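Before any comments, here is the structure.
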Amino acid sequence: MTTEARDPAGVEAEITPARPLPDADPPSQDSPSRDAAPGDASSRETSSRPQGPHGYSHDKDAHLKRLRRIEGQIRGLQRMVEEDVYCIDILTQVSASTKGLQSFALQLLEEHLRHCVAAAAVGGGPEIDEKVAEATAAIARLLRT
């Protein structure tokens with residue numbers, strides 16, 4: 001069963017209901033652990049990050065619902081490949097999933113600017129420069145995709 005839907009950007013796409021995925025595989029020996037040694041990339045990423053509440057916190061349930069919908073689209077893609085669906089139909093679904101993620105990212109960025117960057121601007125000092133640099137880097141990553 002499939003349905004037609006429009007994502008927030010207005011792109012019409014075929015959305016197929018998702019089947020549950022099997023339980024996730026246990027982490028491999030090659031994957032970085034949460035207990036990384038001080039000074040490595042994973043510990044730097046988490047140690048300097050402020051703990052909640054974040055700009056998205058007030059709308060967390062809506063964000064989670066949106067991400068579950070995107071997850072369903074991705075699972076639909078897996079099923080489409082398993083079922084040998086026509087490649088253009090799969091690409092249409094990829095486009096809808098991509099637009100959904102991009103739209104989510106823009107909403108999250110807006111909330112970051114309104115909450116985190118604005119709070120740093122009010123506080124003044126070097127923190128504002130750090131928050132603007134973070135936001136600029138995030139925008140650059142979004143533009144590369």
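Just so you know, these numbers use all the heavy atoms, side chains as well, and skip hydrogens, waters and symmetry mates. Source: prediction; values computed, not measured.
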Worksheet item: If we only count heavy atoms from C-beta on, is the I128 to V117 side-chain gap below 4.5 Å?
Response: yes
Response to the item:
Heavy-atom closest pair (E127 atom, A120 atom, distance to 0.1 Å) is CG-CB, 3.9 Å
Worksheet entry | L142 and Q102, any side-chain heavy atoms less than 4.5 Å apart | no
Practice prompt. Look up atom CG in L101 and atom CD in Q73, then write down how far apart they are to the nearest 0.5 Å.
Written response: 8.0 Å
Discussion item. Regarding H63 and Q107, do their side chains bring together a donor and an acceptor under 3.5 Å, going by distance alone?
Written reply: no
Worksheet item: Quick check: does any side chain N or O of S95 sit under 3.5 Å from a backbone N or O of L91, one acting as donor and the other as acceptor?
Response: no
Response to the item:
d(I70 CD1, S97 OG) to nearest 0.5 Å is 8.0 Å
Practice prompt. Could you tell me the separation between the NZ atom of K65 and the CG atom of D61, rounded to the nearest 0.5 Å?
Written response: 10.0 Å
Response to the item:
dist E134:CD -> D129:CG (nearest 0.5 Å) comes out at 11.5 Å
Discussion item. Testing the basics here: between A135 and L113, what is the closest heavy-atom pair and its distance to 0.1 Å?
Written reply: CB-CD2, 3.8 Å
Discussion item. With rounding to the nearest 0.5 angstrom, report the OG1 to CZ distance, T136 to R141.
Written reply: 10.5 Å
Worksheet item: With hydrophobic residues grouped by side-chain heavy-atom distances under 4.5 Å, do L143 and L106 end up in a single group?
Response: no
Discussion item. Do R66 and S103 make a side-chain contact, defined as non-hydrogen atoms from C-beta onward lying under 4.5 Å apart?
Written reply: yes
Practice prompt. Verify the cluster assignment for V85 and V81: are they in a single hydrophobic cluster under the rule of side-chain heavy atoms below 4.5 Å apart?
Written response: yes
Worksheet entry | Pairwise distance CG(L109) to CD1(I139) - rounded to 0.5 angstrom | 5.0 Å
Worksheet item: Does I88 offer a backbone N or O that forms a donor-acceptor pair with the side chain of T92 under 3.5 Å?
Response: yes
